[in-house]
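Everything numeric in this text was worked out from a predicted model, so none of it was measured. Residue numbers run from 1 in the order of the sequence given.
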Amino acid sequence: MPIPSAETWKPFERGYHVVYREHEINHCPGCGRTHWIIGRVSAECAFCTTALPLAEASMRSHNGPVIIEHKNRDTHAWAA
């Protein structure tokens, strides 16, 4: 949902937003332990499987489409 103006955006009204922060001690909000399995966009507690988004992943902008280009795109190497 788009935000019409900057005046309507009030981050302090968002509430408690739990994220996994790299290079910090992260306690699980479910069980309180600190052992995590880290993925690309989320971290999962190794004990109770509570999942949190990565703070670094949520800071990236996703405005454009993802374009995957192969390293050998200029050569014409076809499988035999």
Is the side chain of His27 donor-acceptor paired with the backbone N or O of Gly32 at a distance under 3.5 Å, no angle test?
yes
Working to the nearest 0.5 angstrom, can you tell me the gap between His35 NE2 and Cys45 SG?
8.5 Å
Within the 4.5 Å heavy-atom criterion, are Leu52 and Val18 side-chain neighbours or not?
yes
Side chains of Val41 and Pro53 in contact at under 4.5 Å (non-hydrogen atoms):
no
What distance do Ile38 atom CD1 and Leu54 atom CG have between them, rounded to the nearest 0.5 Å?
6.5 Å
Here the gap from Phe47 atom CZ to Thr34 atom OG1, rounded to the nearest 0.5 Å, amounts to 7.5 Å
For the side chain of Asn26 and the backbone of Tyr20, is there at least one donor-acceptor N/O pair under 3.5 Å apart?
no
